[in-house]
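Read through the structure below, which is laid out as structure tokens, and then see the notes.
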Amino acid sequence: MSSENSSADDMRQVWDVVVVGAGPAGASAAYAAAVAGRRVLLLEKAELPRYKTCGGGIIGPSRDSLPPGFELPLRDRVHAVTFSHNGRFARTRRSRRTLFGLVNRPEFDQQLVEHAQKAGAELRTGVTVQRVEQHGSAVPDRRTVALVLQGGETVLARAVVGADGSASRIGAHVGVKVDQVDLGLEAEIPVPDTVAEDWKGRVLIDWGPMPGSYGWVFPKGDTLTVGVISARGEGAATKRYLEEFIGRLGLAGFEPSISSGHLTRCRAEDSPLSRGRVLVCGDAAGLLEPWTREGISFALRSGRLAGEWAVRVAEAHDAVDARRQALNYAFAVKAGLGVEMSVGKRMLTVFERRPGILHAVLTGFRPAWKAFTDITRGSTTLAEIVRTHPMAHRALSAMDRRQTSPDEQPSS
Ligand SMILES: Cc1cc2nc3c(=O)[nH]c(=O)nc-3n(C[C@H](O)[C@H](O)[C@H](O)COP(=O)(O)OP(=O)(O)OC[C@H]3O[C@@H](n4cnc5c(N)ncnc54)[C@H](O)[C@@H]3O)c2cc1C
């Protein structure tokens, strides 16, 4: 807790940093602020472990952003990928080295929270944050933020990190703007040993029938996570895609243990990442790869940055200083994740129009498969490949140009 507490603080506890939401973004933020020696409170509306609709694919950048000493609770290691295009033209590519790992989210998220707690963060579960106040009667002074919980209790903080997922209340307070919303549907399907053995170490990625859609099978031992994702607004078609996908794979006879859906939202390029003493990260900030909708690494990376910068916001003596620190956070996010998102958006546009080309390139052109393996392992990023490989840069730019109709082109 701050050493220079006001008299109001003497009567009511003021946390240095309060984090809302205990997913990967929130646990990362809480860890980062707690290892910096600050008093941190992590608020979560669910009881832990909680289920999250997610494939649980852990690519290199996610693995590299875990706190020191964190042992991934891997359910499988992926060595092969079968690609198909709406069920046709299936081809499997293999790798001697692990491409990426697969986790069950309840287990993974709980373990991240335990790391934050070990670093000193305090956890409260079963509490829903209803609103944020940075002015008004609930706020004792201008250096304090009030979080009003369901039931009326108020929690005070010098800085708040909103990590409350894609339907974020804190994001609404900050004014997060999104320009892409997708619906993901998933089924957790327990399967007999013979079926599980067939999928062990291998995932399936199917480029789907609706623009920008795709499906996946991620094996987790005795259970397969089978899902699809597509633009929101096509709920019935997305549901049909999942049913047909499951049917085609011969899995329709197995009763799912969980069937669920979840929206993913990508931020608009000019969307804010803070307001006053409140920062947002992860899904709450719309930070997620627009093409693959990979979000765990975005949550871990932005969460850590948010935790680190929230410490400085908490120390800020006035609004100008708090704003400066918050802008530094936004700059750090935009310089890294922002660049990755803008390349991902371009890739999505290409993929929406020409999934067949992408399928052909990935399955038939060795350098493209190599790029895929390098990206999933984390030795490079798509943005880095486009920046440094003239051929990749030229190919994406040519696709961009082809997609810009003459009346959209800038006049000379
Ligand atoms: C179908 C699907 C499959 C996906 N597969 C993958 C994948 O394989 N790999 C990958 O990297 N990404 C994947 N993603 C994306 C990934 O799941 C998210 O990007 C990631 O969970 C974001 O983490 P987060 O911590 O920001 O949010 P979340 O994990 O959503 O955590 C937010 C937390 O905040 C809590 N909360 C919400 N509101 C409140 C409140 N008012 N008060 C208190 N607590 C609150 C919630 O209970 C929750 O625990 C997938 C997404 C979908 C939809």
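All values reported here derive from a predicted model rather than from experimental measurement. Start at 1 and go down the list; that is how both ligands and their atoms are numbered.
- Considering backbone and side-chain N/O of S166, none are found under 3.5 Å from N/O of ligand 1.
- Ligand 1 places these atoms under 4.0 Å from at least one heavy atom of V20: 42 (N), 43 (C).
- With values rounded to the nearest 0.5 angstrom, Y329 atom OH is found 14.5 Å from F331 atom CZ.
- With a 6.0 Å cutoff to the six-membered ring centre and a 45° limit on the axis angle, R301 counts as a cation-pi contact of F298.
- Separating the CD1 atom in I229 from the OG atom in S213 is a distance of 10.0 Å, to the nearest 0.5 Å.
- If you check which protein heavy atom lies closest to atom 12 (N) of ligand 1, you get G295 N, 2.9 Å.
- Judged by distance alone, with hydrogens and angles left aside, the side-chain atoms of R124 form no donor-acceptor pair with the main-chain N or O of E44 at under 3.5 Å.
- Distances between N or O atoms of W216 and those of ligand 1 include no value under 3.5 Å.
- At least one N/O-N/O distance between K52 and ligand 1 falls below 3.5 Å.
- No part of F298 comes within 4.0 Å of ligand 1, judged by heavy-atom distances.
- Nearest non-hydrogen protein atom to atom 13 (C) of ligand 1 is C54 SG, 3.5 Å.
- Protein heavy atom nearest atom 18 (C) of ligand 1, with residue, atom name and distance: D283 OD2, 3.4 Å.
- Set against the non-hydrogen atoms of H262, the atoms of ligand 1 under 4.0 Å away are 53 (C).
- By the 3.5 Å distance cut-off applied to N or O atoms, I296 is counted among the residues near ligand 1.
- Checked against a 3.5 angstrom limit, the closest N/O atoms of A46 and ligand 1 fall outside it.
- With sequence neighbours left out, the salt bridge (charged side-chain N to carboxylate O under 4.0 Å, His left out) criterion links R312 to no other residue.
- For atom 34 (O) of ligand 1, the closest heavy atom belonging to the protein is G21 CA, 3.2 Å.
- Atom numbering of ligand 1 starts at 1 in the shown order; those under 4.0 Å from a heavy atom of R105 are 16 (C), 17 (O), 20 (C), 21 (O), 29 (O).
- Taking distance alone, with nitrogen or oxygen atoms compared against 3.5 Å, P24 approaches ligand 1 more closely than that limit.
- Among all non-hydrogen protein atoms, the one lying nearest atom 53 (C) of ligand 1 is T264 CG2, 3.5 Å.
- Checked against D179 for a salt bridge (charged side-chain N to carboxylate O under 4.0 Å, His left out), the options R267, R265, K345 give a single hit: K345.
- For ligand 1, one of its N or O atoms has an N or O atom of E44 under 3.5 Å away.
- For F351 and W207, the ring centers sit closer than 6.0 Å to each other.
- Ligand 1 has no nitrogen or oxygen under 3.5 angstrom from a nitrogen or oxygen of G184.
- A donor atom on one side chain and an acceptor atom on the other are not found under 3.5 Å apart for T380 and D374.
- Protein heavy atom at the shortest distance from atom 28 (P) of ligand 1 is R50 NH2, 3.9 Å.
- Of the protein's non-hydrogen atoms, the one nearest atom 41 (N) of ligand 1 is V129 O, 3.0 Å.
- Interface of T128 with ligand 1, defined as ligand atoms under 4.0 Å from a residue heavy atom, comprises 41 (N), 42 (N).
- Of the listed residues (R275, H173, R277), just one forms a side-chain hydrogen bond (donor to acceptor under 3.5 Å, both in side chains) with Q134, and that residue is H173.
- Ring geometry, W369 versus F372: the interplanar angle falls under 30°, so the pair is classed parallel (tilted spans 30 to 60°).
- Atoms of ligand 1 lying under 4.0 Å from at least one heavy atom of G165, given by number and element, are 27 (O), 30 (O), 32 (C).
- A side-chain donor from one of R202 and T82 sits under 3.5 Å from a side-chain acceptor of the other.
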